[in-house]
Amino acid sequence: MTGTKRRFGSTARTRSLVLLALGVVKVATAAQLRQLVLPGTVDLQTVRNACKDLRDAGLVESVGKVTGMSASGRPVGEQLWNLTTAGLAAAATELDRPPSEMGGTAREAAKAGATHAVKVTDTIDAFFQAPLVPTRPVARRGAPPTRRLMNPLPARPPGLGTLHSWHTEVALPVTGTFTTPGRGSLRADAVLTASEEDLPVLFVEVDNGTEPPARVADKIARYRRFFQRTVKDQGGQQVPLWSTLWQAPGRGGFPPVAFVFTKQVGLKALQARIQEVARLSGEHWQGMWCHGRYIENTGESDGYRDYEGVVPVVATTLDRLREHGPYGAIWWRFGHSSSQVLTDALDNADDRRAYNRREEQRLAAQRAVWVEDERREEERYQRWQASLWPCPTCGDDVDPDDGPGLARGDECPRCGVQRERSEGEQAESEAQGERGRRSGLFGWLRG
């Protein structure tokens with residue numbers, strides 16, 4: 001993209017940005033391209049002119065239209081722009097990607113109106129949330145001088161990743177290869193790689209509400225089949241096929257899949273659709289419950305879910321994603337009870353890690369009980385030691401609990417018994433002597 005201006009007055013930078021955006025999303029309207037790469041321009045004309053100059057250069061074309069609604073509510077047609085074969089090669093250079101990763105030109109989709117592709121573009125824009133930085137308008141021949149845009153722009157929520165983070169229409173071969181996927185394979189609508197945001201990979205599916213829930217649930221099943229597929233690495237070890245292209249998530253298990261529902265329907269209808277998809281695909285995302293330790297005094301046993309081998313699935317709507325951005329509390333994880341921010345939704349809050357934390361808490365509580373019992377036992381022992389006194393006869397310790405009526409300074413019960421026995425024996429001996437004296441010879445004289 002050399003040079004600065006062309007017939008319609010676009011700059012090299014603007015044309016490069018438009019090529020970069022189309023290289024990612026494949027097909028878009030001028031309004032969408034403006035949102036993606038030039039949201040700070042005064043109007044759409046800057047982007048339209050760039051598209052026209054790129055068309056003159058044989059890099060883009062417009063072979064279809066999409067019908068939208070104007071601000072007044074009237075239907076309007078918008079041109080769809082897509083890359084030519086030459087444009088696809090030029091976009092590969094802008095993205096610094098090999099041509100084999102670029103996919104197709106989306107020409108046929110554009111001719112048919114590209115209903116689904118347009119929503120995919122909207123979804124990527126809602127994730128990306130390009131900052132609304134005002135730009136200086138380019139002076140055009142015959143146009144009056146224009147000052148820098150001074151009107152305040154509406155704020156946008158923080159976005160996730162960059163356009164370079166995205167790939168669209170990515171083949172996920174259940175059989176075959178990435179370049180020639182076999183029967184039963186699927187294509188991810190979009191794939192986000194944002195390791196810098198602690199999101200190594202996120203597979204994104206855009207649902208326009210045109211397919212029955214069973215068809216949508218089957219996509220989750222096919223994702224699982226793809227994730228389960230293994231190949232031999234250079235060392236001859238079996239590794240997941242997906243891990244040869246993408247990094248593993250830090251949580252372990254399979255990468256997550258995000259569904260973005262775009263059809264504007266009532267809340268109840270939308271919830272019913274999402275819940276039906278979740279119900280029909282439950283075996284592929286629920287995880288297996290593993291019983292853990294029996295909890296004493298509760299009659300219950302704790303446990304955890306093993307999420308190895310299942311697909312984490314989150315869902316939101318395009319409207320909520322636009323309004324709150326990808327960092328908003330807009331994500332419902334299949335199996336969770338409420339909407340969460342993405343990191344919390346992707347976290348397996350009831351997995352083995354959580355169980356181990358609860359085990360540590362229980363052990364810590366038990367150790368605290370043991371320490372308290374030992375402290376009390378030591379206090380009791382010290383009080384008992386203080387209550388002892390030495391026996392005045394044998395010198396052994398005397399415990400006041402050794403017998404009734406013991407007072408401090410008394411003999412120990414053993415000495416007391418011995419003393420009483422000795423005294424008794426002495427008294428008996430004296431009594432016998434006395435009886436002997438009386439019963440001897442002449443004893444009757446003393447009667």
Side-chain angles (χ1 to χ4, degrees), residues 18-37 39 47 60 62-68 78-83 87-88 91 95 97 101-130 159-172 185-194 199 201-211 215-216 219-220 222-223 255-264 277 313-323 325-326 330-331 342:
V18 169
L19 272 181
L20 184 146
L22 285 175
V24 174
V25 301
K26 300 300 188 296
V27 60
T29 65
Q32 289 178 318
L33 292 170
R34 181 192 184 198
Q35 283 288 101
L36 285 168
V37 290
V47 177
V60 305
S62 179
V63 295
K65 287 187 177 183
V66 62
T67 301
E78 296 183 79
Q79 283 185 291
L80 287 170
W81 295 94
N82 63 280
L83 297 169
L88 197 66
L95 288 166
R97 292 178 184 173
E101 293 185 8
M102 292 300 296
T105 63
R107 190 174 198 275
E108 296 305 315
K111 288 175 66 175
T115 304
H116 185 260
V118 166
K119 291 300 182 182
V120 173
T121 300
D122 284 339
T123 298
I124 292 176
D125 173 60
F127 267 98
F128 179 36
Q129 299 281 353
L160 178 59
T162 66
L163 278 182
H164 290 80
S165 306
W166 288 93
H167 289 72
T168 54
E169 293 298 315
V170 179
L172 307 178
S185 302
L186 70 158
R187 289 185 177 272
D189 289 336
V191 180
L192 170 65
T193 54
L199 191 65
V201 61
L202 178 68
F203 294 87
V204 179
E205 289 294 322
V206 177
D207 182 89
N208 291 345
T210 58
E211 296 179 323
R215 185 77 175 268
V216 180
K219 289 184 181 180
I220 300 173
R222 287 190 288 159
Y223 265 105
V257 177
F259 279 85
V260 179
F261 293 84
T262 67
K263 189 174 182 180
Q264 294 184 336
V277 171
V313 182
V314 296
T316 190
T317 65
L318 179 57
D319 286 344
R320 298 186 75 190
L321 187 58
R322 279 172 170 159
E323 180 181 359
I330 62 171
W331 299 98
L342 187 58

### Query
So, do Phe203 and Leu172 sit near enough that their side-chain heavy atoms are less than 4.5 Å apart?
yes
### Leu20 and His164: CA distance, side-chain angles, deciding distance, side-chain contact (heavy atoms from CB on, under 4.5 Å) verdict
CA-CA 8 Å; Leu20 184 146; His164 290 80; 3.4 Å; yes
### Test item: Val120 and Val204 side chains (from C-beta on) under 4.5 Å apart, heavy atoms
no
#### Entry: side chain to side chain contact (heavy atoms under 4.5 Å, CB included) partners of Glu205, counting only residues at least two apart
Ala188, Asp189, Lys219, Tyr223, Val257, Phe259
### Task
Compute the centroid of each ring, for Trp166 and then for Phe127, and state whether the two points are separated by less than 6.0 Å.
yes
### Message
Main chain of Met102, side chain of Lys26: is a donor-acceptor contact present, judged purely on distance under 3.5 Å?
### Response
yes
### Task
Determine whether Val277 and Val313 make a side-chain contact, defined as any pair of heavy atoms from C-beta on separated by less than 4.5 Å.
no
### Task
For residues Asn208 and Lys263, determine if any side-chain heavy atom of one lies less than 4.5 Å from a side-chain heavy atom of the other.
no
### Task
Kindly indicate whether the side chain of Thr123, heavy atoms from C-beta on, has any atom under 4.5 Å from the side chain of Leu318.
yes
### Query
Are Thr29 and Thr121 close enough that some pair of their side-chain heavy atoms sits under 4.5 Å apart?
no
### Task
Please name the residue in the list Thr317, Asp122, Asp125 that meets the side-chain hydrogen bond (donor to acceptor under 3.5 Å, both in side chains) test with Arg322.
Asp122
### Query
Hey, does Gln32 have a side-chain heavy atom less than 4.5 Å from the side chain of Glu78?
no
### Query
Between Phe261 and Asp319, is a side-chain contact (heavy atoms from CB on, under 4.5 Å) present by the stated rule, with each step listed?
CA-CA 9 Å; Phe261 293 84; Asp319 286 344; over 6 Å; no
### Task
Check whether any side-chain heavy atom of Lys119 sits under 4.5 Å from a side-chain heavy atom of Val260, and report yes or no.
no
